[in-house]
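Notes for the one structure printed next.
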Protein chains: 2
Amino acid sequence: MTDKNFVGAGMDDSNQNHALERKRGSGARQVYDLLRDEILDLRLAPGSAIDEVQLATRFGMSRTPIREALVRLAGEGLIETLPNRSTMVSNIDFLGMHAYFDALGLMYRVTTRLAAQHHKAGDLDSIRVHQAEFKAAVEAQDALAMIATNADFHAAIAAAGRNEYYARFFERLLGEGRRMLRLYYQSYDDRLPSRFVDEHEEIIAAIEARDVEAADRLGRAHSEQIEAQIERLLTRHDRLDIVL
Amino acid sequence: MTDKNFVGAGMDDSNQNHALERKRGSGARQVYDLLRDEILDLRLAPGSAIDEVQLATRFGMSRTPIREALVRLAGEGLIETLPNRSTMVSNIDFLGMHAYFDALGLMYRVTTRLAAQHHKAGDLDSIRVHQAEFKAAVEAQDALAMIATNADFHAAIAAAGRNEYYARFFERLLGEGRRMLRLYYQSYDDRLPSRFVDEHEEIIAAIEARDVEAADRLGRAHSEQIEAQIERLLTRHDRLDIVL
DNA sequence: TTCTTCAATCTTGTCGACAAGAAAAATACA
DNA sequence: TGTATTTTTCTTGTCGACAAGATTGAAGAA
């Protein structure tokens, strides 16, 4: 809500100038990655228009790779493209927030369960690495880092669960919802209780012990806790902005 | 390059000639829809190469809209594109079959539950229409129609559940897995027991009665039955082709 | 002034052309 | 004869240009 969105034409030199030679197949990928980050970190405000030629000049390439990146982003629902008309950054679906966190919670549970069942040797190392990063982010009170590292943590768990379909869906949820998660974290004033870190530790322990029931219980607790907080957030939110 | 347009050298005249005027924004959509269908109905064999120029001449349009369609298909995992090299129809992931049906079964349960909770006035009508079509397809022993109408039936239930995220994931699973489902149905020799139709009826009844527990139980039964059949299918399959 | 109609402009969708990599073919070499 | 190297060909990735549709702005009528 208190977001400044400079989408202005060519201004700072941070990252628009790429006149230097880039590898052949990587144009669209580069644009895709950067735009995705800008959208998910709310640096591109929801609803703001996206101009292909502007992006083309900004990235110093033709409209074609830009277009490919936009098609991919549209496929993930991050931008919306009116036929023959402007394309814009998708709005955050506040009404679907409950549904979103319901799905997210279910994925927490399912992936944690499966990880407890199917994890193999190196999986726990990977999970622990991400947990350490998450812990550091929480201690540093860096909301963006918390979201990213939390997503990585759970993505690692999902990978250990050995189900590509859940993993892909989960990663997509974690990505697509980064903007909603941003609001969620803001409901804690970006200072996450250390309890969250502890819960992660318990989850790791349950997975390591291959205790499926404990894993499920923890995943469910994690999820229900989020649910409750979202409930608080939504009621508060409904009062603040009467949306449209 | 120069135009190499041999009249007789192409394939048959079934549906490649679209020199007639088409609406402006619909080129890619048209290609996407048709290619998707051809892939999912196994008319395009997994692993077979996809040539952009060939498609361009076949559809009578430039490579640009073809390319957009391919990007979208790749985003859904239906084709795989090696950088700077050929793109090909994705292989069916037999190893992930168990994972696939696990996810599918969970979605059966979740969406049925939610439909029992949240369905509104017109939802049941839509569901019943699709159920009637499914029944007709089963009686006609038309496997492709069974897959399509079954997908529509469950998609309608998912829509009644009022959770966009589950619905999208579910639809994606049902679409993406049409090829696997084809095999699954073939394990019944494309003659589905009428019990499947009856199960659908029970599901409808549970939803209408808003009996969440019954809905969940039925969804679970549906899912477990699939699971069992897949188990039989897989063991039989593992014995027949030693993959690779 | 306000509403309608038409022209200017802007953005997107599509096209043909060209260059870069890679695969296939042809040649040289042991 | 078999292998390494060069050349040819083929496919993809990128580009600039143009047309269609939509938006905006101006001009005209009430």
Side-chain angles (χ1 to χ4, degrees), chain A residues 7-10 16-35 44 47-75 78-90, chain B residues 1-6 9-11 16-35 39 44 47-75 78-90:
Chain A
V7 197
Q16 88 274 26
N17 175 18
H18 291 294
L20 49 87
E21 307 298 325
R22 64 180 183 286
K23 279 149 286 170
R24 185 171 159 77
S26 72
R29 175 58 159 261
Q30 176 186 345
V31 177
Y32 169 82
D33 285 337
L34 197 57
L35 274 192
L44 277 178
S48 60
I50 292 185
D51 184 5
E52 295 180 0
V53 290
Q54 185 174 322
L55 287 175
T57 61
R58 172 180 169 194
F59 283 95
M61 61 181 74
S62 155
R63 271 176 52 220
T64 310
I66 306 284
R67 210 135 211 293
E68 180 175 332
L70 292 185
V71 169
R72 282 212 264 161
L73 289 171
L78 291 181
I79 66 178
E80 279 170 20
T81 159
L82 291 307
N84 271 334
R85 234 156 338 159
S86 68
T87 72
M88 42 187 285
V89 179
S90 302
Chain B
M1 260 185 201
T2 59
D3 47 359
K4 45 170 207 171
N5 206 349
F6 314 117
M11 62 277 305
Q16 86 274 26
N17 178 15
H18 292 293
L20 49 86
E21 307 298 325
R22 65 180 182 287
K23 279 151 288 169
R24 184 171 158 78
S26 72
R29 174 59 158 261
Q30 177 186 345
V31 177
Y32 169 83
D33 286 337
L34 196 58
L35 275 191
I39 293 175
L44 276 177
S48 62
I50 292 184
D51 185 5
E52 296 179 0
V53 290
Q54 185 175 321
L55 288 174
T57 61
R58 172 181 170 195
F59 284 94
M61 59 180 76
S62 155
R63 272 177 51 221
T64 311
I66 306 285
R67 210 136 211 293
E68 180 175 331
L70 293 186
V71 169
R72 281 211 264 163
L73 288 171
L78 291 179
I79 66 176
E80 281 170 17
T81 160
L82 290 307
N84 271 334
R85 234 161 331 164
S86 68
T87 72
M88 42 189 285
V89 180
S90 303

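Only a predicted model underlies this, so the values are computations on that prediction, with no experimental measurement involved. Below, chains carry the letters A, B, ... as their sequence lines are ordered, and counting in each starts from 1. For the numbers below, each heavy atom of this structure counts, side chains included, while hydrogens, waters and symmetry mates do not.
- Protein atom CD1 of B/Ile66 is 11 Å distant from nucleotide atom P of D/dT12, rounded to whole Å.
- Using a 4.0 Å heavy-atom criterion, one finds that B/Glu52 contacts the sugar-phosphate atoms exclusively.
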Every protein N/O within reach of nucleotides 7-9 of chain C N/O, cut-off under 3.5 Å:
none

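- We find that CZ of B/Arg63 is positioned 12 Å from P of C/dA17, with the value rounded to whole Å.
- In this structure, A/Arg63 and A/Ala56 approach most closely via the heavy-atom pair CG-CB, 4.1 Å.
- Side chains of B/Thr87 and B/Leu73 form no contact here, defined as non-hydrogen atoms less than 4.5 Å apart.
- Here the C1' atom of nucleotide C/dT14 and the CZ atom of B/Arg24 are 7 Å apart, to the nearest Å.
- Shown here for A/Glu52 and A/Ile66, the closest heavy-atom pair between the two residues is O-CG2, 4.2 Å.
- Residue A/Ile50 is classed as a sugar-phosphate contact, given heavy-atom separations below 4.0 Å to backbone atoms only.
- Following rounding to the nearest Å, B/Asn84 (CG) and C/dA23 (C1') show an atom-to-atom distance of 12 Å.
- Note: CZ (A/Phe59) to P (D/dT14) measures 13 Å, nearest angstrom.
- Each of A/Thr64 and B/Pro83 was assigned the nucleotide of DNA chain C with the nearest heavy atom; the assignment lying further toward the 5' end belongs to A/Thr64.
- Nearest heavy atom pair, residue B/Arg72 against residue B/Arg29, reads NH2-CA, 3.7 Å.
- B/Leu78 places none of its side-chain heavy atoms less than 4.5 Å from the side chain of B/Leu35.
- Residue A/Arg85 contributes atom CZ, which lies 12 Å from atom P of C/dT12 at whole-angstrom precision.
- Across the protein-nucleic acid pair, B/Met88 atom CE and D/dT12 atom P stand 13 Å apart, rounded to whole Å.
- A/Ala69 and A/Ala28 get closest at one heavy-atom pair: CB-O, 3.7 Å.
- Inter-residue side-chain proximity for A/Leu70 and A/Thr81 is flagged as unmet; no heavy-atom pair is nearer than 4.5 Å.
- Atom CD in A/Glu68 sits about 17 Å away from atom C1' in C/dT12, given to the nearest Å.
- Closest contact between the side chain of A/Ser62 and the listed nucleotides C/dT14, C/dT11, D/dG16 involves D/dG16.
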